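In this text, all values refer to a predicted model and were calculated from it rather than measured experimentally.
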Amino acid sequence: MLAGFAMTALGIAGVFLPLLPTTPFLLAAAWLFSRSSPRFERWLLDHPRLGPPLRDWRREGAISLRAKIISIGLMAAGFVFFCYRVTPSWLLAGVVALILCTSGLFILTRPLPRRAGENRPIGRK
């Protein structure tokens, strides 16, 4: 339960700190609370701001279009800032770019959340 609170705190801090991701920490918190405190798990999933992305991910592994745009945009901006401030070697810049591109590809290939009443064939996203 303590780890769930720690992940929740990191997730909430990520709302205000641009380089700290919010959703992965909140997903971890929800998972930890599912094993330790159903009450706090329900609070997190029912939260009006924090809950929708967590429910979308749990229900169908989906990421909203808005979240995709913001995350890819921030990754690109972070890479530009990294290159400008650090002036890395070509090798380091390439490794960082590869990591960010792989992460971005993962995000882009996740399905969009279904809208209420939308029916999709089983097996298609």
Side-chain angles (χ1 to χ4, degrees):
M1 198 157 127
L2 187 59
F5 285 122
M7 293 294 116
T8 302
L10 287 171
I12 291 171
V15 171
F16 304 102
L17 300 172
L19 296 178
L20 193 63
T22 300
T23 305
F25 287 118
L26 294 177
L27 286 169
W31 181 81
L32 290 162
F33 285 142
S34 74
R35 281 137 181 79
S36 61
S37 174
R39 179 176 143 223
F40 285 116
E41 177 193 22
R42 181 65 23 219
W43 173 83
L44 199 54
L45 293 173
D46 289 341
H47 192 279
R49 299 295 262 168
L50 305 176
L54 301 177
R55 291 190 305 269
D56 289 342
W57 182 260
R58 272 196 174 178
R59 186 176 54 248
E60 52 194 319
I63 300 174
S64 72
L65 181 60
R66 180 177 183 269
K68 288 181 182 190
I69 291 169
I70 290 171
S71 61
I72 298 299
L74 287 174
M75 281 192 272
F79 183 70
V80 169
F81 183 76
F82 166 71
C83 289
Y84 175 73
R85 293 293 294 161
V86 175
T87 318
S89 69
W90 287 105
L91 178 63
L92 180 58
V95 168
V96 171
L98 181 64
I99 292 168
L100 289 174
C101 285
T102 304
S103 300
L105 185 62
F106 176 80
I107 290 167
L108 290 173
T109 58
R110 299 307 95 196
L112 295 173
R114 283 191 245 197
R115 299 283 176 238
E118 179 183 335
N119 291 324
R120 291 187 194 157
I122 294 176
R124 302 214 39 212
K125 295 187 178 191

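- Nearest approach of I107 to K68, heavy atoms of both residues: O-CE, 3.4 Å.
- Atoms OG1 and CG, from T22 and L20 in turn, are 6.5 Å apart once rounded to the nearest 0.5 Å.
- Contact of the L50 side chain with the L44 side chain is registered, since non-hydrogen atoms from C-beta on lie closer than 4.5 Å.
- Not counting sequence neighbours, the partners of V96 by the side chain to side chain contact (heavy atoms under 4.5 Å, CB included) test are F79, F82, L92, L100.
- Within the model, atoms CG of L26 and CZ of R49 stand 13.0 Å from one another, a figure rounded to the nearest 0.5 Å.
- Annotation for S64 and L112: closest pair C-CD2, 4.0 Å, computed over non-hydrogen atoms.
- Ring pair F40/F5 is perpendicular by interplanar angle, where above 60° counts as perpendicular and below 30° as parallel.
- No side-chain heavy atom of S103 sits less than 4.5 Å from a side-chain heavy atom of F106.
- Rounding to the nearest 0.5 angstrom, the gap separating the CH2 atom in W31 from the CE atom in M7 is 11.0 Å.
- Every residue meeting the side chain to side chain contact (heavy atoms under 4.5 Å, CB included) condition with L27, not counting sequence neighbours, appears here in chain and number order: T23, L54, W57.
- Taking CE of M1 as the reference point, atom CG of L32 lies at 11.5 Å (rounded to 0.5 Å).
- Put simply, the side chain of E60 never gets that close to the backbone of P113: no donor and acceptor are under 3.5 Å apart.
- F25 and M75 fall into different hydrophobic clusters, where Ile, Leu, Val, Met, Phe, Trp and Tyr residues are linked whenever their side-chain heavy atoms come under 4.5 Å apart, directly or through other members.
- We find the CG-CG distance between L17 and L10 to be 10.0 Å, quoted to the nearest 0.5 Å.
- For the residue pair R58 and S34, the shortest heavy atom distance occurs at NH2-CB, 4.0 Å.
- Rounding to the nearest 0.5 angstrom, the gap separating the OG atom in S71 from the CG atom in L108 is 7.5 Å.
- Remark: R66 CZ is loosely packed, at most 12 non-hydrogen atoms of other residues, nucleotides or ligands lying under 6.0 Å away.
- No donor-acceptor pair under 3.5 Å is formed between the side chain of S37 and the backbone N or O of F33.
- Put simply, the side chain of R55 gets close to the backbone of L45: a donor and an acceptor are under 3.5 Å apart.
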